[in-house]
Amino acid sequence: MSTYKSDFLNVLASRGFIHQVSEPDAMDALARSSTITAYIGFDCTAPSLHVGSLLPIMLLYWLQQTGHRPIALMGGGTTRVGDPSGKDESRRLLTDDDIDNNMKSIRAIFGKFLKFENAGGNAVMANNADWLNTLNYIDFLRDVGRHFSINRMLAFDSVKLRLDRQQELSFLEFNYMILQAYDFVELYRRYGCVLQMGGSDQWGNIVNGIDLGRRLHNAQLFALTSPLITTSSGAKMGKTAAGAVWLNAELVSPYDYWQYWRNTEDADVARFLKLFTVLPLPEIERLAALEGAEINEAKKKLATEATALVHGRAAAEEAAGTARTTFEEGGLSATLPTIEINGGDLTKGLRVIDAAVKANLVSSIGEARRLVRGGGLKVNDETVHDEVRLLTPENLVGGVIKLSLGRKRHVLLKPV
């Protein structure tokens, strides 16, 4: 049971969001007595965030729901550098245009979870390029850099792991933790932000910001980290055979997104209901108590509620209905994801393994071959046993071909 008195920390603790809090008693008292402003940073390395970003987004959601002010900080400046935390190698450097385009694309997702100032709420969307891109290097070294110890920075896990493995860490990346600390102080100056939240791998970076705030402004700042989420089998959240589970519908359809959550391992259902839905805890406890085949009802509820948050209630219910038609009623639903293929390719004969890659069921021909050898690919519900099996117009049923990966993922191939 949570021992926190503030709604904010009590909700986070009871739903499993908290890994560490700096000065928990002081943070709890402050959250109880005043409106606190807190931030999480999101780098803009891709045109969409993925499922791995959902947990920090939910932290901001509950922050606002319990009466406080969230800041979603876009890393327009830090994306130009690259965070070495948890990375084995340097990130590919993006152009400013790439970063701007990515930022525009991912901003939309936050509007589904947070109420911003222009929509009657108090959430803030900030961009660290506003202050980082105009920094004078010599002034920055003198005013900020002098507060950082190289000895201490070398001891940080994000640096130490790369050096221990004798993997290159560029001076550019080495500066990332200084820039992140400066972000915290800049948001304190601009918005009165006193709390930075993030994954547990960010603890050292956040503590740097707390220390810098104390040195520069005698400010009392706080850190809160959440556990890094893996599935019960040890897999990283948001990774599938077909690649990342993106939040933008153009990259992963609402149906495929629903299926991702429907395929949750039994042991993860209760935990994921707490973290990735807004269902009340008594309802989650009821669902978590289901056993045997009934656990599938809890998985469907998880899938529908998680999909509704990202894609809207209508899309979530449609995805659930499609799954019901396809699996429980044995039908071929017209709302299954449809991939257009070249009619000429089909006439000549299209390899099933090529079709699986085109349909994004797998990420490579090699993966498709392995699935065929393991009996994991089906055409019109019949298992494919031959790696060189060709799809032809004779396979069309109602103008489409149903291609399936296992029992849970299906697409319709439609010749044009």
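Two residues are said to be in side-chain contact when any heavy atoms from C-beta on lie closer than 4.5 Å; Arg32 and Leu9 fail this criterion. Counting heavy atoms from C-beta outward, Leu287 and Glu297 have side chains that stay 4.5 Å or more apart. Side-chain contact between Leu228 and Leu55: absent, with no pair of heavy atoms (C-beta onward) separated by less than 4.5 Å. A heavy-atom distance below 4.5 Å is not found between the side chains of Val194 and Gln220. In this structure, Glu317 and Thr304 have side chains that are in contact, with non-hydrogen atoms separated by less than 4.5 Å. Side chains of Leu412 and Lys414 form no contact here, defined as non-hydrogen atoms less than 4.5 Å apart. Annotation: side chain of Thr277 is not in contact with side chain of Trp261 (no heavy-atom distance under 4.5 Å).
For Asp43 and Thr78, the side-chain atoms include at least one donor-acceptor pair closer than 3.5 Å. Defined by atom type and a distance below 3.5 Å, a donor-acceptor pair is present between the side-chain atoms of Gln180 and Gln202.
Residues Arg15 and Leu275 come closest through the heavy atom pair O-CD2, 3.4 Å. Thr264 approaches Leu302 most closely through the heavy-atom pair OG1-CD2, 3.5 Å. Considering all non-hydrogen atoms of both residues, Val372 and Ile353 come closest at CG2-CG2, 4.0 Å. Pairing each heavy atom of Ala38 with each of Met197, the nearest pair is CB-CE, 4.2 Å.
Between the side chain of Ser22 and the backbone N or O of Ala223, at least one donor-acceptor pair lies under 3.5 Å. Remark: side-chain polar atoms of Asn102 are paired, donor with acceptor, to backbone N or O of Cys44 under 3.5 angstrom. Distance alone, capped at 3.5 Å, places no donor-acceptor pair between the Asn133 side chain and the Gly77 backbone.
Leu273 CG to Arg271 CZ: the interatomic distance, rounded to the nearest 0.5 Å, is 11.5 Å. A distance of 8.0 Å separates OG1 in Thr35 from CG in Asn122, rounded to the nearest 0.5 Å. Going from atom CG of Leu59 over to atom CG of Leu54 covers 11.0 Å, rounded to the nearest 0.5 Å.
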### Task
Begin from the C-alpha positions of Lys299 and Glu294 and carry the test salt bridge (Lys or Arg N to Asp or Glu O under 4.0 Å) through to its verdict.
CA-CA 9 Å; Lys299 292 183 183 183; Glu294 286 188 335; over 6 Å; no
#### Entry: Evaluation steps, salt bridge (Lys or Arg N to Asp or Glu O under 4.0 Å), between Arg215 and Asp211
CA-CA 6 Å; Arg215 290 170 183 268; Asp211 188 53; 2.9 Å; yes
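Phe113 and Tyr61 have perpendicular rings, their planes meeting at more than 60° on a 0 to 90° scale where under 30° would count as parallel. Taking the six-membered ring for Trp and thresholds of 30 and 60 degrees, His217 and Tyr188 have ring planes inclined between 30 and 60 degrees apart.
Tested against Ile206 for a side chain to side chain contact (heavy atoms under 4.5 Å, CB included), the candidates Gln196, Gln20, Met177 yield a single pass: Gln196. Leu195 pairs with exactly one of Thr37, Ile36, Val21 by the side chain to side chain contact (heavy atoms under 4.5 Å, CB included) rule, that one being Ile36. For the ring pair (Phe, Tyr, Trp, His ring centres under 6.0 Å) criterion with His311, the lone passing option out of Tyr257, Tyr255, Tyr260 is Tyr257. Of the residues Tyr191, Tyr39, Trp131, the one that meets the ring pair (Phe, Tyr, Trp, His ring centres under 6.0 Å) test with Phe184 is Tyr39.
Looking at residues two or more places apart in sequence or on another chain, you find a ring-ring contact (aromatic ring centres under 6.0 Å, His included) between Phe8 and His68. Every residue meeting the salt bridge (charged side-chain N to carboxylate O under 4.0 Å, His left out) condition with Arg142, not counting sequence neighbours, appears here in chain and number order: Asp139. Ser33 meets the side chain to side chain donor-acceptor pair (under 3.5 Å) test with no other residue; sequence neighbours excluded.
Counting heavy atoms of neighbouring residues, nucleotides and ligands inside a 6.0 Å radius, atom NZ of Lys115 does not exceed 12 of them.
For Lys300 and Glu305, the salt-bridge test fails: no basic side-chain N is under 4.0 Å from an acidic carboxylate O.
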